Structures are given as C-alpha cells and as structure tokens.
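These figures come from a predicted structure and were not determined experimentally.
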Amino acid sequence: MTTVTDLLIVGGGINGAGIARDAVGRGLSVVLCEQGDLAGYTSSASTKLIHGGLRYLEYYEFRLVREALFERERLLESAPHIIWPLRFILPHEKGIRPAWFVRVGLFLYDHLAPRKKLPGTETIKLTRHPAGQALKPGFDTAFVYSDCWVEDSRMVALNALDAFEKGADIRVRTKLTSARREGNVWVATLQNVETGETEDVRAKVIVNAGGPFVADVLNSKLGLNTTKNVRLVKGSHIVVPKLFETEQAFILQNTDKRIVFAIPYQGKFTLVGTTDIPVESVPDKKVEISPDEVQYLCNVVNHFFKREVTPADVVWTYSGVRPLFDDGSTNASAVTRDYVFDMDAPQGQAPVLSIFGGKITTFRKLSEHALDELKPYFPNMKPTWTEKAKMPGGDMPDADFDRFFVTVRQRWPFLPEDLALRLARSYGTRIEELLGSARSVADLGEGFGARLTAAEVDYLMRHEWARSAEDILWRRSKLGLHVPADAPARIDAYIARQRAATLAAQ
C-alpha cells in the first residue's frame with residue numbers, strides 16, 4: 001500500500017508538530033513520522049520556558065528576541081493551561097555585567113514587543129525582599145522581570161493532537177529509512193519500528209524537521225548534501241531538593257558570562273540549568289549529563305545560595321542536543337538560536353525543506369515561515385491561521401486559568417485539590433473527556449502512584465500516542481519523580497494488556 005500526501009514531515013519535535021498543525025489547517029495533506037516518541041529527544045529536554053531570551057540581546061539578536069517576545073504573549077493566550085507567567089530574579093553581581101548594562105537590556109526586553117498580561121521590570125533590595133533570604137551575603141540589589149513557564153513536551157503533544165484532529169496522519173515509532181526523487185514527487189519508505197512493517201509514501205514535499213538528526217536525514221536518508229552546517233550543543237539540567245521558598249525563579253550570572261536558571265519545580269524541587277557543551281555527534285539513545293556538567297551547575301548554585309548542593313544531592317538529570325545553525329561562533333553560548341531554512345529544489349524535481357535551529361518559543365512563527373517557503377509548490381494553500389487559534393484544552397474564557405479551575409473544582413468536587421490542579425493544568429478543557437461522568441476517584445480505575453490512574457493512562461494512549469511508561473511518566477505527565485519504584489513496570493504491563501485487548505477487538 002502506498003500513501004499519497006502533500007507533505008511528509010520527518011521529526012516529531014516541536015518544529016515538526018508545529019508545521020504539521022499549521023499545514024493541515026491550511027488545507028494540505030500531511031504525514032508526520034517520528035522514529036521514537038513525540039518530543040522524545042530535544043523538545044522534552046528544554047529549560048521549559050517561553051521567553052524572549054534576555055541573554056540573546058548581548059549578541060545583538062534583536063529580531064529573534066522581538067519575535068520571541070511577540071510569541072510569548074500569543075502562546076500564553078493560546079495555551080493558558082500549560083503556560084503561565086513566571087517572575088525571574090536576577091541578582092546583580094559587580095564585575096560581571098555593569099548594572100547600567102543590565103538595566104538597558106531589561107528596558108529593551110520590556111519594550112521590544114507589547115505586554116498585555118506580564119508586568120514589567122522592577123528593582124528590589126535583597127536585604128529587604130524575601131528572595132534575599134535564600135542568597136548568600138553580598139547580594140544587595142536584584143532586577144525582577146517576567147517570562148513564562150511551559151510544559152514543553154505537552155506543547156508538542158497538543159500540536160500533534162490538533163494536527164491529527166484536523167486530518168494529519170501522525171505516526172510515532174515510525175522511521176524514515178530512505179527516500180528517492182521520482183520527478184516532482186518523493187517516494188519515501190517508512191518503517192514501523194515496533195512491527196518492522198514498511199510502507200511507501202509519495203509526497204510532493206519532504207520537510208526535514210529532524211532536529212539534531214537534520215544532517216543525518218539529508219545525507220544518509222535522502223542522499224543529499226547541504227551547504228549549511230548544524231552546530232550540535234548539549235544542554236543539561238539537574239534537579240535538586242528545593243533551594244528557596246519563593247515562587248519566583250532566579251537567573252544567575254556566572255563568572256564565565258553564561259547564565260543559569262534556578263526554577264521552582266514540582267513543589268519539592270529546584271530545576272537548575274542549562275549548560276552549553278559542543279558535541280560532535282548525536283547518539284541514537286539517550287544523551288546524558290557528564291560529571292563535569294553536574295559539578296559546574298552545583299558550583300553556580302553554591303556561589304549564590306546559602307543552601308549548597310553536591311552531586312550527591314541531585315535527584316534527576318536530563319540532557320538534550322540542540323540543533324543550532326552554525327554561524328561560525330567559537331563560543332557555544334554565542335551560537336545563534338535563530339532558525340534557518342535550507343531548500344533543496346532542483347528544477348522540475350521534488351523539494352526538501354530542512355529546518356536548522358529554532359527554539360520552543362518561536363515554533364509557531366517558524367511554522368508560518370516554513371509554509372511561506374512552500375507556497376510556490378502549493379498555490380492554493382489557505383492563509384495563515386494559528387496566530388489567534390487555541391491549543392487543545394486552551395479554549396477557556398478570557399484565557400483565565402484561575403476562573404476555569406474554579407469550575408473544575410465545582411464539576412468534580414471529589415478530586416483531591418492537587419490532582420484537580422494537575423489535571424486542569426495538563427489537559428485544560430479536555431479534562432472533561434478524561435474524567436467524564438466519574439463521581440469518585442475509584443471510578444478512575446487502577447492507581448499507579450502519585451495519583452496517576454488508569455483513566456489518565458487510557459486518555460494518553462487514546463489521544464496522545466503514549467506507548468510506554470516512559471512516555472507517560474517523563475513526557476506526558478512529568479510524574480516520574482513522584483511514583484513508586486514499581487510503577488513503570490505496572491504501567492507498561494497495563495498498556496500491554498490494553499493494546500492486546502484493542503487488537504483482539506479489531
């Protein structure tokens with residue numbers, strides 16, 4: 001059997017899922033293949049921020065920062081369940097960046113794009129502010145500004161869900177093994193990695209959104225070479241027991257001029273990151289933090305906070321490889337986070353559009369620009385539409401999550417408040433489909449710990465392509481730090497039973 005489509009998108013990270021959503025909404029047919037799980041690589045290994053990128057101003061990335069600041073407001077409006085405002089405290093330390101320099105940067109940050117919901121910058125005295133209690137003596141002044149938190153891998157899943165509901169064919173655990181041009185179409189062979197079955201897909205255009213594998217897709221899968229190079233930079237994070245009691249995050253200026261975030265995480269922890277380590281290649285399996293990176297992040301924490309940490313205090317780490325466009329910078333921290341397109345389109349032959357770089361904040365605009373590049377091949381493509389569109393679950397009145405949460409508590413009063421909040425944050429208005437007519441927690445089925453129930457696992461299998469405990473615990477729900485040790489095996493066994501029952505019923 002051969003599937004015929006307008007776009008074959010390779011890669012199920014934020015860029016691939018975003019382009020799929022935008023394209024199918026403009027009337028194009030779309031097949032998206034992802035060799036692992038959605039957001040299984042770089043897109044689930046971010047610092048989990050929707051932000052303009054304050055430090056990019058130092059590298060004169062004004063266009064990127066301005067675009068990101070515009071997108072920050074749009075995304076907050078479109079997905080108020082998985083994105084919410086977060087204030088950042090930047091303690092000033094003499095000798096790294098002058099106070100006037102920081103103030104100028106924050107003034108630009110406040111005024112490069114309009115702010116509707118986020119307050120502007122203020123200056124605080126740490127000797128009088130509660131935030132100062134967590135810091136070591138010697139930090140007198142700090143600047144406080146706004147950005148947003150995002151549940152990164154959920155953003156990918158929601159883009160894929162919206163694309164699917166509009167008609168896209170989303171295939172996880174499906175890899176591109178090869179593709180060849182036959183005139184003005186691509187004939188690509190896809191393989192289901194679970195069953196080994198293969199299928200040919202005929203596509204007018206291939207979109208290479210392979211992230212850190214973008215060059216590998218071009219070279220080994222498509223047999224092409226590109227004049228543009230990808231710069232692979234590993235970013236790693238550590239999670240440690242809570243370092244401070246404030247709800248705000250900290251942005252820390254290190255002596256090497258890098259910045260490190262310390263962010264409240266899941267109530268009990270602090271998320272610290274990220275590093276910028278150049279790497280030569282991308283392993284097929286999980287990328288891991290090095291001991292030097294762990295020590296580096298601990299050193300930054302210990303320079304600022306009274307509550308010092310050692311590598312032994314780290315409860316979890318994660319790493320991802322960012323596929324940045326190689327602009328020739330010698331410093332990995334200075335490499336542009338902007339995105340670059342590479343179109344290979346010989347006369348009369350099918351094109352391939354490759355995506356280099358990008359960041360989660362600008363995925364929507366990147367998707368628009370990618371489809372602008374493809375307009376000559378699809379002259380009947382519908383106009384842009386995502387700027388004011390809601391993400392699945394984000395269609396709550398006035399994008400007011402607090403008001404929405406009141407209705408959740410009234411509708412399902414039996415839910416413990418922490419569970420109600422987590423489900424409302426994760427699923428927004430789609431919580432109705434997950435909970436339905438349940439009248440007690442027992443109605444939600446088997447429990448796996450940390451208030452994860454069979455009803456939620458079923459929902460994630462049915463609507464969000466979850467296939468394993470890892471998908472659910474570390475990407476869809478982020479409950480991996482809270483469940484008992486036997487939970488992954490129990491969840492995998494439950495998923496296997498459910499999938500077997502589904503196949504038997506077909």
Side-chain angles (χ1 to χ4, degrees), residues 46-51 54-55 83-97 99 102 106 109 118-152 235-275 289 293-318 417-418 421-422 425 478-482:
S46 76
T47 312
K48 309 184 193 319
L49 300 178
I50 295 293
H51 65 139
L54 177 63
R55 72 184 179 94
I83 302 174
W84 55 88
L86 185 61
R87 294 287 275 175
F88 289 81
I89 299 168
L90 195 167
H92 179 249
E93 185 169 17
K94 299 173 184 177
I96 296 183
R97 293 174 177 87
V102 178
L106 288 167
Y109 205 67
L118 300 178
T121 299
E122 61 178 313
T123 303
I124 61 172
K125 289 295 181 183
L126 290 168
T127 52
R128 298 194 294 267
H129 193 278
Q133 297 175 10
L135 298 173
K136 289 181 174 178
F139 298 102
D140 301 321
T141 302
F143 307 98
V144 186
Y145 70 96
S146 294
D147 267 322
C148 294
W149 173 268
V150 62
E151 296 293 348
D152 53 2
S236 298
H237 298 75
I238 61 174
V239 174
V240 297
K242 186 190 292 189
L243 294 170
F244 47 85
E245 298 300 324
T246 61
E247 295 181 355
Q248 300 96 334
F250 284 83
I251 175 172
L252 311 173
Q253 302 180 86
N254 197 28
T255 52
D256 60 4
K257 294 294 185 78
R258 290 211 63 255
I259 61 96
V260 170
F261 292 102
I263 304 172
Y265 190 64
Q266 297 187 353
K268 300 178 180 179
F269 307 106
T270 300
L271 173 65
V272 181
T274 180
T275 59
I289 194 169
E293 289 177 282
V294 173
Q295 190 62 60
Y296 174 88
L297 294 174
C298 288
N299 291 345
V300 175
V301 165
N302 295 340
H303 179 74
F304 285 90
F305 292 102
K306 293 176 181 175
R307 189 174 300 174
E308 295 193 351
V309 296
T310 70
D313 296 311
V314 175
V315 298
W316 181 48
T317 69
Y318 65 87
E417 186 168 5
D418 60 337
L421 180 59
R422 186 180 68 77
R425 276 291 182 203
K478 295 297 197 331
L479 288 175
L481 290 173
H482 304 276

Practice problem: I would like to know whether F88 and L49 meet side chain to side chain contact (heavy atoms under 4.5 Å, CB included); could you show each step before the answer? | Solution: CA-CA 11 Å; F88 289 81; L49 300 178; 3.6 Å; yes

Self-check item: Check against side chain to side chain contact (heavy atoms under 4.5 Å, CB included), Y109 and H51
Solution: CA-CA 10 Å; Y109 205 67; H51 65 139; 3.9 Å; yes

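By the 6.0 Å contact criterion, NZ on K268 is open, its count of non-hydrogen atoms from other residues, nucleotides or ligands being 12 or less.
To the nearest 0.5 angstrom, T123 atom OG1 is 10.5 Å from H92 atom NE2. Rounded to the nearest 0.5 angstrom, F250 CZ and I89 CD1 are separated by 4.0 Å. Rounded to the nearest 0.5 angstrom, L54 CG and L90 CG are separated by 7.0 Å. To the nearest 0.5 Å, atoms CD (E247) and CG (L86) are separated by 9.5 Å. To the nearest 0.5 angstrom, I50 atom CD1 is 4.5 Å from I83 atom CD1. Rounded to the nearest 0.5 Å, atoms CD1 (I259) and OG1 (T47) are 8.0 Å apart.
Side-chain N or O atoms of Q266 include none that pairs as donor or acceptor with a backbone N or O of L481 at under 3.5 Å. Looking at K306, its side chain does come within 3.5 Å of a backbone N or O of Q133 through a donor-acceptor pair. Of the possible polar contacts, one joining the K242 side chain to the G267 backbone as a donor-acceptor pair under 3.5 Å is found. R97 places a side-chain N or O within 3.5 Å of a backbone atom of K257 that can act as its donor or acceptor partner. A distance-only check finds a donor-acceptor pair linking the side chain of K136 to the backbone of N302 [under 3.5 Å].
Taking the six-membered ring where tryptophan is involved, the planes of F305 and F244 are essentially parallel, since the angle between them stays under 30° and well short of 60°. In this structure, H237 and Y318 have parallel ring planes: the angle between them is below the 30° cut-off, well short of the 60° mark. Relative orientation of the Y265 and W316 rings is parallel, given thresholds of 30° and 60° on the angle between their planes.
Looking at D256 and Y296, their side chains come closer than 4.5 Å, going by heavy atoms from C-beta outward. Between C298 and I238 the shortest side-chain heavy-atom distance falls below 4.5 Å. Side-chain contact between V314 and V309 is absent, with no heavy-atom pair separated by less than 4.5 Å.
Contact record, T275 with R258: CA-NH1, 4.0 Å, taken as the closest heavy-atom pair. Pairing each heavy atom of P119 with each of S146, the nearest pair is O-OG, 2.8 Å. In terms of heavy atoms, A131 sits closest to T246 at CA-CG2, 3.7 Å. Shortest non-hydrogen contact noted between A262 and L252 is CB-CD1, 4.4 Å. Taking each heavy atom of H303 and E93 in turn, the nearest pair found is NE2-OE2, 2.7 Å. Taking all atoms of both residues into account, the shortest heavy-atom contact from H129 to I124 is CG-CD1, 3.6 Å.
The side chain to side chain contact (heavy atoms under 4.5 Å, CB included) test with T270 singles out one residue from V240, V239, I263, and that residue is V240.
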